[in-house]
Amino acid sequence: VTASSVSGSLAVPAAAAAARGQTDATDRSRVGRPAGRGRGWWWVRVVVAVVIAVVMLFPFYWMLQTAFSTRDSLYAPGLHLIPTQLTLENFTVPFERYPVGRWFRNSLLIAVVTTAITLVVNLFAGYAFAKFRFPGRNVLFLVLLSTMMIPVQAIMVPQFRLVADLGLYGNVWAVILPTSASAFGIFLARQFFLAIPEELLEAARIDGAGRWRTFVSVVLPLSKPLLATLTLLSFMNVWNDFAWPLIVFFGNEQAFTLPIGLVTDFRGQYSADYGKIMALSLVMVAPMLVLFLAFQRYFVQGLARSGLR
Amino acid sequence: VLVVAFLLVPLGMAFWISTQRYESLGSPVAIGAANFLGLARDAVFWESLLNTVVFTVATVPTGMALGLGIATLLNSVLPARAFFRSVVFLPLVIAGVSVGMLGAWIFDQYDGFVNNVLGALGITGPSWQSEGAWAMVAIVLVTLWIRVGFDMIVYLAALQGIDPQLTEAAQLDGAGAWRRFTSVVWPQLRPATFFLVVMNLIYSFQVFDTVFAMTTGGPDNATTMVVTYAYRVGFDEHGPGQLGYAAAVGVVIFAISMLFTVFLWRRNAAEEQS
């Protein structure tokens, strides 16, 4: 594998992705119901789509109804598609008995700080890989990409030692620092910056703007979709992260994040209290749902763009 | 710098630690390749490797096929397409651990929804928890539920990038729907397919959160994957972790991931040239 063949294959479809912004605008014209022969198929497609939507949404509904049901009614015989006994105790009891509020704050702190660091690193690194020439650029980028293939579990032992040697064990920084090293974000940023035309930067340079000035006043204003995508992706990944925080915070209940607390304290070896598990899961997923629905346009585009490399 | 400090340096250290006998309560002792020899004789390790392969084979092609199917559907004439797109994508925002426990609950063999439905139909549902094969089936289904949205989004973007004139020209030449798909659309999707194969292989190979929360590798290691095995030997709550041994498992995981990636890249480069 040569670096040039990779970067070549990565560069081309980025332009296609840029062009795709227009296709969304034509969506509306295709929604209309066709007449005649196409009509039967139209109904089949609608029915299939609805069935798929129901299957995809059902687990969400089940989560919701489990979270608001009493324990007895969950284990009662029968289907009970509609909850029979509504309750809020699945939400109140965990907050009273476990430091759930504390976990929430830990999760939030780690997610916000990590996202901020990741954002800065990704923007600068991505910009450097896209627009600056320096020796070893392609090799370095290839190495970076290949780090995406390394699972946490492959390097958890040395990473664990490293964190312990730095005196960070059990500390929020033990999660923040390693998690900030995200190759995927740098890759996404590079793809985005590659699509910015060189002439624009040239023009800024002629106007007397330095590199820093060009980046801040020309490139950044163009990068709002990228910023939104990176922020959301990073926040979501960190918020839901499990494997590494589990290792670092093991046995340290005050330092838990929400996913760790959820698994450690609510899922027993032989029985699980699903009402409370689902209630906490709802607390955990709610901020993500809000963020996702607010930014989904950028988010979906950003993910799709990375797929078109 | 962060990448070097927290990914590359540990990677180097992983190779070194994997040659040591290193327990979490002691300091490392060099034992050469003994960890790897131990792995070669470790039945649970081989089982976990086999499980990972089964899981990967069961999730990657099906997930991509479903994703492509839904993307094709959403790329056709349909009302409320944005709504359907969001719905299919939605499971991705849930934490892997929540998904795992939600899966465990829906597929609970005594009180879960699936078996209750089957029971209402007069069928005795399978033992999702106590039979290994069924536990694996449940994990695969739950994984597909999360994964299909990502495949769909990438394929949808690729489909929208295809010039409609190409398919229209093929239609004028008398090509049927299936023929149009295989000879016009599918070749154009190649970059997206390549990307998805790589991403899906990585995800499937590294599956951890969902499995850990749903089955913890049980029953009897029937759903233990290489990554959950590595975690268990290194950091399990029972007894001192075998850090050296866990690092050896880590090295094997890394080597396999690397082999896959290089192989796929080679193939992709070769196909690009032809």
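Lettering of chains follows the sequences in order, A, B, ..., and the numbering in each one begins at 1. When reading the values below, keep in mind they use all heavy atoms of this one structure, side chains included, and skip hydrogens, waters and symmetry mates.
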Look only at the side chain of A:N240 and the backbone of B:V93, and say whether a donor-acceptor pair between them is shorter than 3.5 Å. yes
Select one option (side chain, backbone, both, neither) describing which atoms of A:F242 are under 4.5 Å from chain B's heavy atoms. both
Measuring heavy-atom distances to chain B, does A:M63 have an atom under 4.5 Å in its side chain, in its backbone, in both, or in neither? both
Angle between ring planes, B:F89 versus A:F292, binned at 30° and 60°: parallel, tilted or perpendicular? parallel
Closest heavy-atom pair and its distance - B:P79, A:V46: CD-CG2, 3.8 Å
Under a 4.5 Å heavy-atom cut-off, does chain A meet the side chain of B:V99, its backbone, both or neither? neither
Of the backbone (N, CA, C, O) and the side chain (C-beta and beyond), which part of A:V55 lies under 4.5 Å from a heavy atom of chain B, both, or neither? backbone
When B:V117, B:L90, B:I106 are compared by non-hydrogen pairs under 4.5 Å with chain A, the top option: B:L90
So CG of B:D108 and OH of A:Y274: to nearest 0.5 Å the spacing works out to 5.5 Å
Would a 4.5 Å heavy-atom cut-off, applied to side chains only, mark B:V97 and A:I260 as touching? no
Below 4.5 Å, heavy-atom pairs only: which of B:G103, B:G96, B:A82, B:S86 has the largest tally toward chain A? B:S86
Residues B:M101 and A:V263: closest non-hydrogen pair is CE-CG2, 4.0 Å
Chain A heavy atoms under 4.5 Å from B:I70: which part of the residue, side chain, backbone, both or neither? side chain
Taking side chain as C-beta onward, heavy atoms only, is A:M278 less than 4.5 Å from B:L102? yes
For B:D209 versus A:A243, what's the shortest heavy-atom pair and its separation? OD1-N, 4.1 Å
In terms of heavy-atom contacts, B:V88 and A:M56 come closest through O-CE, 3.5 Å
Are A:F60 and B:W145 close enough that their ring centres sit under 6.0 Å apart? yes
When you compare the side chain of B:F212 with that of A:L246, does any pair of heavy atoms fall below 4.5 Å? yes
